[in-house]
Amino acid sequence: MDYNFHEIEKRWQKYWEDNKTFKTPEDLTNPKKCYILDMFPYPSGAGLHVGHPEGYTATDIFSRYKRMKGFNVLHPMGWDAFGLPAEQYAIQTGTHPSITTKNNCDTFRRQIKELGLSYDWDKEINTTDPGYFKWTQWIFIQLYNTWFDDKLQRGRPISELKLPENIAKPGQKEIVKYIDSRRLAYYDDALVWWCPNCRIVCANEEVLNDCSHEKCGNRVEKKNLKQWMLRIPLYAERLLKGIDKLDWPEGIKDMQRNWIGRSTGAEVDFKIEGLNENLTVFTTRPDTLFGATYMVIAPEHPLTDAITTHDNKNSVNDYIKATSLKSDLDRTDLAKEKTGVFTGRYAINPVNKKQIPIWVADYVLTGYGTGAIMAVPAHDNRDFEFAQKFHLPIACIQDPDVSDSEQKKRILEGKECWTEDGKYINSSNKSTGIDINGMNKDAGIAHITKWLETKNLGTAKVNYKLRDWLFSRQRYWGEPFPVIHWEDGEITAMNENELPLELPKLEKYLPGESGESPLSNSTEWLNIADKNGRKGRRETNTMPQWAGSCWYYLRFIDPKNDKMIFDLAKEKYWMPVDLYIGGAEHAVLHLLYSRFWHKVLFDLGIVSTDEPYQRLFNQGMILAFAYETESGSRVSGDLVEEREGKYFHKETGDEMKQIVAKMSKSLKNVVNPDDVTSKYGADSLRLYEMFMGPLDVTKPWDDKGVKGVFGFLGRAFRFLSNPDNITNGEEDGTVLKGLHQVIKKVEGDIENLRFNTAISAMMIFLNLATKKGKVTVDTACIFTKVLAPFAPHMAEELWHLLGHNETLSYEPWPEFNEEFLKEDIFDYPVSFDGKMRFKIELPVNLSKEEIIKIVLADERAKKWIGTATPSNIIVVPNRIVNIVIKN
RNA sequence: GCCCGGAUGGUGGAAUGGUAGACACGCAGGACUUAAAAUCCUGUGGCCAUUACGGCUGUGAGGGUUCAAGUCCCUCUCCGGGUACCA
């Protein structure tokens, strides 16, 4: 029978839909549950990309396999549908983003259904649906009403926050200020990039190196806007510790650890000459205080103005202005030369009372530590570079552990920087009574930190790179904040029963005059009054796209619940997510934000687990072939033709080099899954994407490769659908062995997400079976079940042809029998000095001595040994024999 | 600069420290066909032989550990991704 995939796939997709085959079980008593989650897509206007089905197929195989293993499976899909493109389309055409979004979701849903993915469509969610974002807003209110108890290391309701006496006395204003300073969500000024031409706030990535806006080319500037911020650093320690328990790729765990960036050190107070203020720095190397020869503060440091002396005001102000125009990329480029200006003022180094100058430089950032550093040029590369440029003193205080005497001399003279360990020198002072000379780094750090603490000059301190999360956007197409700004300055969160706060319909989607979002144009929506006539204004910022994706996995559990965020019993049953697959681009931001929200919800008793995603896997990007000329310029794919394995430019005739690059419109190398399914079918697309290589590596798409798996599916179908090939009675020994090998291999590979080798094992079995020409009904049924998670449409069809009336989606997964896998004979490779020379078949149960005896008696062994005497013979049972001759 | 990956035939890739190149693509030859497509069969890392189911060589480069290294360790080169000069 021909492999008519069009007909087969259509029929079974309809069957699954009509019968709701993949409906999530309601029975919560089955102890075996598996929650399998994809990173839900942003439904872009371009439709599905071949990158989407890669992860979706992987989770689908896993889901189908787990159902056959008797698990209750939750496998949902939805849309992360707030976002910029729909808003920009609205600005251009006036089409409401909800219309664009709906159309895009319809396309995505159709395309996904055509891939035969076993989602429970009753669980579909959409982040732009008021029934969904009602609860996103609700979570925001929870964050707003939560503070972090440092002692207990957990979030607690704001009502449980005790007021210190000195706060309670002065009055209501002080109390509000104090409480606001402890909330996880707060409202404050923050700097953002602003394009005066487009009247719009720009993301970092939209700002080019020369500070121009990539869309219009005009110069952008920094602007202070009121923004909502989330205090994620309070959870830094919890987020860091939680990583250890997770079954995630080590590389991703490392990236999260580095992002949180815990470092231990000390805060040290420096007296400022002529000011009644201290300059506090954070340092990981308090041991190098004796080498601190100057200080640097960030241009934005709150004391910059006070510190700068009259004579230096102009140069410092000019410098601050210049810095504000630099892009982050510019400022953080290490290759760029260091810049800075002297403030005219000095601080006093607490360990030796020496006067050291205070400079302003943009290599010190205001967001990290205290925004000020003590500079130790002899032992820090950046400080060294800066000191050399501005001729600041360099004092070496460590005798370096180097053998090269020339290098040692240079370091001791302050002509080279030394950042490794060494015994301290020049590190004692009689008046302060401190002496660490002769000590090594660890002892030095401990000693000085203790000294600072006893003298009240500093404290041991843990610092994190993780910064407060800027949580608002000046956009229309996002979740409105459920808060009201009252005319008297009070900010209140809306009541739960007033949610959701929906977006108003607008005539125009252009942003407001002063950088406010388009929502500021909707006066009717914007202005409200309370029952006492107090006037208030709604928040015009909206939430970032992260908001909806931070918690969507929770809503999938109970998406239609309009009374609660979800049913608690259902949450308890399904959480945590057992397998989460998506792109590595979310390694830090989404996954960290989401863990943060989850931990807050856990602290508030809303969710039952401390972590949301137990097992995570990142799929690799799918690239495509592209072509470039000898000089390296890339050429659109439709201008290139292949002749005899080489590639030529259609117009110039030049030979082109085939390279691998990201799919892009400009290279015309985007592969559309619809084209593949119409030509080869969904099962072939699924199988190819899994057969291309390991799931986690980036790999190039090759249309020719689809033919390979298409051929395999065709052979399998033609062989198994032909009754002449299916027999009754006993199965042949080699076929039976091959069958149990493939069951075992596929099972292990699915558990470890190694689908490429699982597919190759199935190919090997099919090659074996077709060579034999006949298999029994049992064998055919078992192989069909093994194939089912990968090529579900064809498997259902074969299952039906083999005489079954029900779907095989819930048929028990076949069990392999070790008995059939046992070997009597092993073909030993015999190697000499590690090089394999010949093979010899031996019974598996021979002793090492017997094996040596037989091997040495073999003519081929005699030839290789010659006149030499083997010095050693290694026998690894059922693996190898190695005869050592040399020496 | 720093962090995380990676480098194996013409191509995608396989290989618990134990036979390098499974499986597939491509290519070559053959069968079927008037022909082509489809399908099936055979071969296929390179070099030397082809009298031998012979030899030599081979996993980015160079060292090391080991009876044995694609795999472990060190140094280097190149490529991909991330990036916030983190004091």
Side-chain angles (χ1 to χ4, degrees), chain A residues 2 204 249-255 257-259 261 263 265 281-285 288 292 296 328-329 331-336 338 361-365 367-376 380-383 385-386 463-467 584-585 587-589 618 620-621 623 625 644-646 658 660 662 688 691-694 696-709 711-712 714-715 718 754 756-764 767 770 827-839 870-876 878-887:
Chain A
D2 266 354
N204 273 343
E250 282 307 318
I252 302 290
K253 287 163 89 167
D254 276 345
M255 282 167 80
R257 288 190 187 103
N258 292 339
W259 192 268
S263 63
V281 302
F282 172 73
T283 176
T284 53
R285 295 289 306 273
T288 60
V296 185
D328 282 6
L329 218 74
R331 199 168 151 176
T332 59
D333 191 343
L334 255 186
K336 290 265 163 69
K338 298 254 177 301
D362 65 6
Y363 79 94
V364 172
L365 302 178
Y368 182 75
T370 62
I373 62 157
M374 61 178 214
V376 184
D380 180 282
N381 286 318
R382 289 153 308 182
D383 298 345
E385 199 189 315
F386 191 84
N463 210 0
Y464 301 94
K465 289 187 205 173
L466 193 62
R467 301 193 294 227
E585 67 271 22
V588 188
L589 298 176
N618 291 110
M621 203 187 315
L623 307 176
F625 292 124
E644 292 163 6
K646 289 181 178 175
Q658 189 182 54
V660 168
K662 279 186 193 175
Y688 174 62
F691 187 60
M692 286 170 83
D696 56 343
V697 305
T698 52
K699 41 210 175 271
W701 181 273
D702 186 359
D703 277 325
K704 288 170 186 158
V706 187
K707 273 169 87 173
V709 292
F712 162 70
R715 277 194 299 280
R718 286 189 297 273
R754 289 149 49 110
N756 54 331
T757 49
I759 293 166
S760 105
M762 290 189 279
M763 289 171 166
I764 291 169
N767 289 345
T770 49
D827 200 12
Y828 274 92
V830 180
S831 59
F832 295 81
D833 293 330
K835 275 198 193 337
M836 203 280 286
R837 294 302 179 181
F838 65 89
K839 287 194 198 171
S871 58
N872 195 5
I873 300 176
I874 313 279
V875 178
V876 184
N878 298 321
R879 189 141 324 254
I880 201 165
V881 176
N882 189 22
I883 299 171
V884 187
I885 295 172
K886 62 180 178 194
N887 298 332

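The basis for the numbers below is simple: all heavy atoms, side chains too, and nothing from hydrogens, waters or symmetry mates. Keep in mind that this is a model prediction, so the values were computed, not measured. In the text below, chain A, chain B and the rest are named by the order of the sequence lines, each starting its count at 1.
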Applying a 4.0 Å non-hydrogen cut-off, can you work out what A:D696 is touching in the nucleic acid: base, sugar-phosphate, or nothing?
nothing

Classify the nucleic acid contact of A:I764 as base, sugar-phosphate or nothing, counting any heavy atom under 4.0 Å across all strands shown.
sugar-phosphate

For A:R754, answer base if it contacts any base atom (sugar-phosphate contacts may also be present), sugar-phosphate if it contacts only those atoms, and nothing otherwise; contact means non-hydrogen atoms under 4.0 Å.
sugar-phosphate

Scanning all shown strands, the Watson-Crick or wobble mate of B:G17 with both distances under 3.5 Å is none

Using whole Å, report how far CG of A:L623 lies from P of B:G12.
12 Å

What interatomic distance, in whole Å, is found between P of B:A68 and the corresponding atom of B:U83?
45 Å

Only pairs with both distances under 3.5 Å count, Watson-Crick or wobble alike; so what is the partner of B:U39 in this structure?
B:A31

If I take atom OH in residue A:Y363 and atom P in nucleotide B:G1, what distance separates them, rounded to the nearest angstrom?
19 Å

Base, sugar-phosphate alone, or nothing: which one does A:S263 contact when heavy atoms must sit under 4.0 Å apart?
sugar-phosphate

Closest of B:C86, B:C67, B:U19 to the A:M836 side chain is B:U19

By nearest heavy atom, map A:K839 and A:I874 onto RNA chain B; which one lands nearer the 5' end?
A:K839

Who is the Watson-Crick or G-U wobble partner of B:C47, with both distances under 3.5 Å?
B:G55

Base, sugar-phosphate alone, or nothing: which one does A:N258 contact when heavy atoms must sit under 4.0 Å apart?
sugar-phosphate

Name the nucleic acid region contacted by A:K707, choosing base, sugar-phosphate or nothing; use a 4.0 angstrom heavy-atom cut-off, strictly under.
sugar-phosphate

Provide the Watson-Crick or G-U wobble partner of B:G70, both distances under 3.5 Å; none if there is no partner.
none

Base B:U16 to side chain A:R879, donor-acceptor N/O within 3.5 Å cut-off
yes

Tell me the partner of B:G80, counting only Watson-Crick (N1-N3 plus N6-O4 or O6-N4) or G-U wobble (N1-O2 and O6-N3) with both under 3.5 Å; none if nothing fits.
B:C4

Taking for each residue the nucleotide of RNA chain B bearing the nearest heavy atom, is the 5' side occupied by A:N756 or by A:M255?
A:N756

Whole-Å distance between B:A69 C1' and A:I880 CD1?
12 Å

Tell me if B:G9 is syn or anti. Syn = glycosidic torsion within 90° of 0, anti otherwise.
syn

Base, sugar-phosphate, or nothing: which does A:G251 touch, judged by heavy atoms less than 4.0 Å apart?
sugar-phosphate

Taking B:C40, B:G12, B:U19 as options, the one with an atom nearest any side-chain atom of A:P700 is B:G12

Heavy-atom pair of closest approach, residues A:W259 and A:L589
CZ2-CD2, 3.8 Å

pair_partner(B:C25), Watson-Crick or wobble, both distances < 3.5 Å, evaluates to B:G10

Base, sugar-phosphate or nothing for A:F691? Non-hydrogen atoms, less than 4.0 Å.
base

State which of B:U83, B:C23, B:A87 makes the closest approach to the side chain of A:W259.
B:U83

Value in whole Å for how far the P atom of B:U83 lies from NZ of A:K465:
13 Å

From the options B:A15, B:A24, B:C4, select the nucleotide whose nearest atom is closest to the side chain of A:M763.
B:A24

Considering only B:U39, B:A14, B:A87, which nucleotide approaches the side chain of A:R718 most closely?
B:U39

Between A:R382 and A:D380, is the closest basic N to carboxylate O distance under 4.0 Å?
yes

Between atom CG in A:D362 and atom P in B:A84, what is the gap in whole Å?
15 Å

Minimum-distance nucleotide to A:R715 side chain [options: B:C40, B:A87, B:C67]
B:C40

Distance-only donor-acceptor test, A:N872 side-chain atoms vs B:C67 base atoms, 3.5 Å
no

